[in-house]
Amino acid sequence: MRKHHKIIFSGPVGAGKTTAINSISDIPTIKTEESASDETKDMKETTTVALDYGAIILPDETKIHLYGTPGQQRFDFMWDILTQGGIGLLLLIDGNDSKALENLSTFINSFKSFIRKTSVVVGITKQDMDKKYDLAEYRAVLSQEQPVIPIYEIDARNKKDISLMVETLLYTLDPKLKMQA
Amino acid sequence: MIGIEKSKKKLTIELLDLDKTTQNTLKFFFKSNLCRSAELNESSEKPDVLILDNERGINDKIIANLAANNQHAVIMHMPNNIPEKSDNVCTLCKPIQAKKLKDIIQSINKDDNQIENSETKILKEPELKPVHSIKNIHSANSHIGMAVKSDTVQSIQNRYKAHKHVGSNADINPNNLKELDKIYHTPSKYIYFHLARATKHAHENKSDVKIKTVYGNVFYEYKTKLFHYGFDKTKLKHIQASPLFAQTDCSYITYDQNKPHRINLSSQDSLSLIWSSAILASKGRVPKGTNLENTVTMKSWPNYSNLMVFRYVIQISSAWSNHQLSLIETAKQLEIPQRYVFTLYNAMHAIECANISDKKIKSQKINRRNQSVLSKILSHMFKKK
C-alpha cells in the first residue's frame, strides 16, 4: 500500500493556516469553510470547520498532503486523526491576538506526543500589524522545550516564509538531509 | 622581419565585485580622460588588470593565486588593513586618490610595454633565445597568459558568489596551533561588538546610546530597539566588514538629546544589524579564544525570516538544536566547510542565541532518517523558491 505523507498546519482561528497552505500548494486548495457562528464570528466571516487540504506534488508524482486543522479547540478530537502519519507540524500563531502566548502554549501541549515523534516549527503571523508580543516573549514560553523549537515571524501569504518553515521542519527531522540533484 | 612595432597599447581594466558607488566612480575615471593609458574591458577578452576591494573577501590565498598566475591586480584597502603586496599585485589605500590610481596604472602599463618590447625582440630573433626565456615571458597577450588569466578571473568571480558572506578560509586542524590564528578575530575591533554592547547598556540604563564611527554617529533607541544612522549602505558595509580605526566611542545620551539628530536617518532593527555586522566581520572566523572542541549550546533559534542568511544556516542550526556538537564536529558530521559553521556561530553568539559549553562533552553522532521523501520535498521546495 502506498504510504501517505502529510505536513500538518495547525494554530488558532485566524492565524493564517488556510492562507499558508494556499501559498505552497501545487493544487487548488480545498477549503471546508462555513459561515462562522460562534465567537469566531467576531474575528472573521468564514472559518474552517473540518479541514483545509492542499498538496505538494513531487516530480515523481508522490503527493505530500498538506492538512490544516480547524482552529477551534472544540475540534481537537480531529487533531489526533489528522496527525496520523504526519511528517511534522507547522504551528501558526496570530501575533495580533492578546492571547497569543497562551495559544502557543496550548497548541504545543496539545500536539506534544506528535511533536515528540516528529518535529515542529512555529510561525508568528501578523507581527507587522499591531503585534502584541516580542519574539523573545514567545521564546520564553517555549524555553523549557527540548530540542529548541524554531520560531519565525512570518507572513502566511508569502511563499518564501512558508517554504522557510517547511525547509526548517525537514532539517530539524534530519540535519544531514541532502538535496536531490 | 617577423615583428611589427606596436603603438602603445591601452590596458584593459576589469572591476571585480565592487560596491556600486566605487564601481561608478571608477567607471567614470576610466571612461573620462583622467586616465588615458587604460580603458574598461568591454570585450570578452581577458583584462590586463583587475581592481578589487580588500574589504570584500580578499585573502592571502587569492593574492598568492593572482601572483602565481601573473595577473596584474590593484587591491583597494582601508588604511589599517593593508593586504600583502606582490610583483603583480599593487595596493591602493582608501579613500582613492585619482592621481595615485593613475600612477599605478601607468607603472603597470610601463611594465607591460617593456614585456611586449622584449617579446617583439624575441619574435625578431627567435633563434638567438633559449627556450626557457620564451616561457618565462608569459606576456599579457600570449596564449598561455590568456588561459591563466581566464582561470583566475573565473575562479575569483565564483569564489565571490559562494563565499560572499563566509570568506574563503580553508578548513583547519584545531590541533595545529599555527592554523588557529587564521580562524580567530578580535570582536572589539569590529562594529558588531560595539553595537551589541550599546544595546545592552541602553536597556540596562534605559537610555539611548550614541556610537561614534568613522562615517558618523549610529544611534540606538532602546524603546523601539532600532539603530539609526545617517550614511548609505555602502559605507555601512565598510564599517561592518572592516576593523575599526580606533577604539569606538560609545556615549550614552537621553532621548531628547538624541531626537534632533535623527532627521533623515536610516533605521534598522537592532538584531538584524548586529547579526549582519557579525557575519560581515567574521568571514569564516570566530571570536579569539572560542573553544573549538567543546559543544555549542543553542539558546534560541534566530528569526531567519528577518535576517541575512547564507547556505547551510538552517542545517547547522537544526544540528545544534538537536545534538551536542562542537564547532569542528558540526562541520565534519554535516560535511560542510568549517567557515560556514564559524560564521554562523559568530553571528549567533553576537545576538546571544548560542555559546560554547564550559564542559568538554563528547559530540553526539547525528542519526540519519529515511531521507528519500524528505530529500525530495526539500529539493522540490528549493526549486519552487
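Order of the sequence lines sets the chain letters (A, B, ...), proteins ahead of strands, with each chain counted from 1.
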Peer 1: With a sphere of 6.0 Å drawn around CG of B:Asp358, does it hold more than 12 non-hydrogen atoms of other residues, nucleotides or ligands?
Peer 2: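 It does not: B:Asp358 CG has 12 such atoms or fewer within range.
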Peer 1: Could you grab the distance from atom OG of A:Ser163 to atom CD1 of B:Ile377, nearest 0.5 Å is fine?
Peer 2: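 Rounded to the nearest 0.5 Å, the OG-CD1 separation comes to 12.0 Å.
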Peer 1: Could you tell me which of B:Ile336, B:Asn306, B:Ile366 has the largest number of non-hydrogen atom pairs under 4.5 Å with chain A?
Peer 2: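 The option with the most such pairs is B:Ile366.
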Peer 1: Please flag which part of A:Asp155 lies under 4.5 Å from any non-hydrogen atom of chain B: side chain, backbone, both or neither.
Peer 2: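 It is neither, since no heavy atom gets under 4.5 Å.
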Peer 1: Once rounded to the nearest 0.5 Å, what's the spacing between atom CG of B:Leu374 and atom CG of A:Asp174?
Peer 2: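 Going from the CG atom of B:Leu374 to the CG atom of A:Asp174 covers 7.0 Å.
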Peer 1: Nearest 0.5 Å, please: how far is NE2 in B:His380 from CG in A:Asp26?
Peer 2: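 Atom-to-atom, A:Asp26:CG and B:His380:NE2 are 4.0 Å apart.
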Peer 1: Find the distance between OG (B:Ser372) and CG (A:Asp60) and round it off to the nearest 0.5 Å.
Peer 2: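 Answer rounded to 0.5 Å: 7.5 Å.
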Peer 1: Under 4.5 Å from any heavy atom of chain A, what part of B:Lys299 do you find: side chain, backbone, both or neither?
Peer 2: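 It is the backbone, since no side chain atom gets that close.
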Peer 1: Heavy-atom count around A:Lys132 NZ within 6.0 Å, excluding the residue itself: above 12?
Peer 2: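 Yes, NZ of A:Lys132 has more than 12 neighbouring heavy atoms, counting only those of other groups under 6.0 Å.
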Peer 1: Which atom names give the shortest non-hydrogen contact between A:Thr172 and B:Asn322, and what distance separates them?
Peer 2: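 Heavy atoms of A:Thr172 and B:Asn322 come nearest at O-ND2, 3.1 Å.
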Peer 1: Using non-hydrogen atoms and a limit below 4.5 Å, what part of residues 138-153 of chain A faces chain B?
Peer 2: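 Within residues 138-153 of chain A, the residues that come under 4.5 Å of chain B (heavy atoms only) are A:Arg139, A:Gln146, A:Pro147, A:Val148, A:Ile149, A:Pro150, A:Ile151, A:Tyr152, A:Glu153.
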Peer 1: Is chain B contacted by the side chain of A:Leu169, its backbone, both, or neither, given a heavy-atom distance below 4.5 Å?
Peer 2: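 Neither part.
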Peer 1: Based on non-hydrogen pairs under 4.5 Å, which of A:Ile64, A:Ile124, A:Ile7, A:Asn158 is most in contact with chain B?
Peer 2: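 Answer, by heavy-atom pair count under 4.5 Å with chain B: A:Ile64.
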Peer 1: Specify the closest pair of heavy atoms between A:Pro175 and B:Gln315, including all atoms of both residues, with the distance to one decimal.
Peer 2: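 Closest approach of A:Pro175 to B:Gln315: O-CG, 2.8 Å.
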Peer 1: Say you draw a straight line from OG of B:Ser305 to CG of A:Leu164; how long is it, rounded to the nearest 0.5 Å?
Peer 2: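 Nearest 0.5 Å value for the OG-CG distance: 6.5 Å.
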Peer 1: Applying side-chain contact (heavy atoms from CB on, under 4.5 Å) to A:Val121 and B:Trp301, what does each step give before you reach the verdict?
Peer 2: CA-CA 10 Å; A:Val121 179; B:Trp301 195 285; over 6 Å; no
Peer 1: Going by heavy atoms in the side chains, are A:Leu135 and B:Leu271 under 4.5 Å from each other?
Peer 2: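 A:Leu135 does not reach B:Leu271 side chain to side chain.
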